[in-house]
Amino acid sequence: MGLTAMQLPGLVIAAPSSNSGKTVITLGLLRALANRGVAVSAAKTGPDYIDPAFQAAACRQSCINLDPWAMSPDQMTILARRQAEDKSVLLCEGVMGLFDGAADGAGSTADLAALMNWPVVLVIDVKGQSMSAAAVIAGFASFRKDVKIAAVILNRVGSDRHRAMVETACAQHLPDIPVIGAVRRSNVLSLPERHLGLVQAGEHDALDGFLDQAAAIISDDVDLDRLIGLVHGGHNSAPLNDTVYATTSIPPLGRHIAVARDRAFAFAYPHVLEDWRRQGAVVSFFSPLADETPDDQADAVYLPGGYPELHGATLAGASKFKASLMGLAGRNIPIYGECGGYMVLGKALIDGNGDRYDMLGLLPLVTSFADRRLHLGYRALSLTDATPFGPAGTVLRGHEFHYASIVSATGVSLGSMVSATGEKHGPAGLIDGSVFGSFFHMICC
């Protein structure tokens with residue numbers, strides 16, 4: 001029996017800012033609850049494509065993105081409903097600070113919590129604070145009346161005395177917001193990072209052990225029963241029909257879509273692939289790093305983003321993969337590359353050391369990491385030509401997040417991009433026959 005919109009048992013884990021420790025605490029909570037036999041599933045606010053892989057590993061379930069800027073309220077509600085099916089709790093990690101979103105503030109974790117009517121557990125880094133921590137919590141609790149701070153988890157607590165000082169201040173000034181946990185400073189609760197954020201979950205050979213260690217610490221330092229007691233059904237709109245959702249789903253690239261998936265191509269949104277399946281497409285996977293080729297039955301190929309710059313030599317030497325895609329392009333099979341996949345469609349990729357590697361050569365593009373420049377933010381991409389995703393003029397909503405620079409790009413642009421605040425970013429991407437791509441990560445129409 002499906003859930004109605006009245007029965008979404010959600011809880012948001014948020015923080016005053018990035019680097020407060022909410023990601024690792026969320027991972028520990030997910031694994032601790034799963035180890036206790038709680039039927040828990042995971043979600044991530046915003047466009048992040050790295051954290052969800054860790055969350056999926058932590059709770060041994062899939063993890064979805066819920067993006068208040070790119071997605072409509074109906075789309076988020078239906079995605080959350082599917083994710084919460086037969087679960088006791090849907091634990092959703094926030095992004096950045098609770099009230100941070102696009103440049104104009106839209107699309108924040110607070111927006112999602114308010115929309116879904118989910119309580120917020122605020123993770124606050126109390127290193128170097130005592131009474132001031134209560135003041136920070138009080139400010140966040142009163143900032144928006146439609147967002148409820150239901151409880152607090154203190155992080156990076158230095159000692160029992162430190163914990164007592166902060167808890168006393170909170171009890172005195174915030175009696176209605178309980179402190180349900182105090183996590184000690186620990187070198188165990190850290191994960192390695194690289195230029196796009198955390199190193200990918202698939203690259204951690206000891207990830208399962210780390211998650212169990214984190215769960216053990218969280219189980220000792222957080223009152224899990226009180227955490228579960230905060231959960232209640234959110235979103236008080238009428239039940240929704242999936243036909244509403246279809247209006248924001250990205251059309252399938254083909255009837256059988258071969259998706260590159262390995263350490264160089266790991267950034268495909270699960271909801272996009274699932275949407276394609278629900279629209280009748282077959283989705284299969286292959287590894288360019290293993291020199292695999294798309295399924296013989298595939299009539300479309302999707303190269304998602306990832307870290308191709310770390311595997312330049314391997315990709316340059318993947319002769320079967322390269323010959324296969326060149327043959328498919330010659331037959332006018334749609335081939336779409338997104339961010340890292342877009343770079344691989346180009347003539348060459350220059351890595352951070354300045355070494356140049358020949359790529360597929362299907363688009364007149366050369367990219368480089370030798371001169372790194374951050375490109376980050378929500379984007380709307382308006383197609384200048386017809387693609388399987390829609391006719392010319394179709395607008396896709398998503399984001400851009402990369403450090404690559406373009407050395408050369410000629411030919412027809414895929415579209416024009418604007419930022420979340422309407423700032424024009426000009427032509428974006430390239431299209432040549434059935435081959436197209438850009439640095440844009442699509443989320444929905």
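A quick note: this is a predicted structure, and the numbers were derived from the prediction, not measured.
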Rounded distance [0.5 Å steps], CG in L154 versus NZ in K127: 15.5 Å
field: R144/D111 ion pair, N-O < 4.0 Å
entry: yes
task: Can you establish whether the number of heavy atoms outside R261 located under 6.0 Å from its atom CZ is more than 12?
output: no
query: How long is the gap from CD on Q75 to SG on C445, to the nearest 0.5 Å?
result: 9.0 Å
- prompt: Sub-3.5 Å donor-acceptor pair from the side chain of D100 to the main-chain atoms of G97, do we have one?
  reply: yes
query: Hey, are R60 and D208 close enough for a salt bridge, meaning a charged N less than 4.0 Å from a carboxylate O?
result: no
Donor-acceptor pairs under 3.5 angstrom involving side-chain atoms of residues 377-386: please list them, not counting sequence neighbours.
| from | atom 1 | to | atom 2 | distance (Å) |
| --- | --- | --- | --- | --- |
| Y378 | OH | D67 | OD1 | 3.0 |
| Y378 | OH | D67 | OD2 | 3.1 |
| R379 | NE | E400 | OE1 | 2.9 |
| R379 | NH2 | E400 | OE1 | 3.3 |
| T384 | OG1 | S413 | O | 2.7 |
| T384 | OG1 | L414 | O | 3.1 |

message: Test your reading of the model: is there a side-chain donor-acceptor pair from Q83 to the backbone of A42, 3.5 Å cut-off?
response: yes
- prompt: T367 side chain to S405 main-chain N or O, any donor-acceptor pair under 3.5 Å?
  reply: no
Test item: K44 side-chain N/O and C63 main-chain N/O as donor-acceptor pair under 3.5 Å: no
query: Does the separation of the ring centres of H441 and Y49 fall below 6.0 angstrom?
result: yes
query: Counting N and O atoms only, with roles assigned by atom type, does the side chain of H399 sit under 3.5 Å from a partner on the main chain of M442, one being a donor and the other an acceptor?
result: no
- prompt: Nearest heavy-atom pair of A34 and A58: which atoms, and what distance?
  reply: CB-O, 4.3 Å
message: Using modelled atom types and a 3.5 Å cut-off, is there a donor and acceptor pairing between side-chain atoms of K22 and backbone atoms of E93?
response: no
- prompt: F369 and Y307: aromatic ring centres closer than 6.0 Å?
  reply: no
statement: From the list I153, I25, V152, L91, side-chain contact (heavy atoms from CB on, under 4.5 Å) with V121 holds only for I153
field: Distance (rounded to the nearest 0.5 Å) between F439 CZ and H375 NE2
entry: 7.5 Å
task: Identify whether the distance between the nearest side-chain nitrogen and carboxylate oxygen of R277 and D275 falls below 4.0 Å.
output: no
task: Measure centre to centre between the rings of Y342 and Y336, then say whether the value is under 6.0 Å.
output: no
- prompt: Any side-chain donor paired with an acceptor under 3.5 Å for E338 and Y302?
  reply: yes
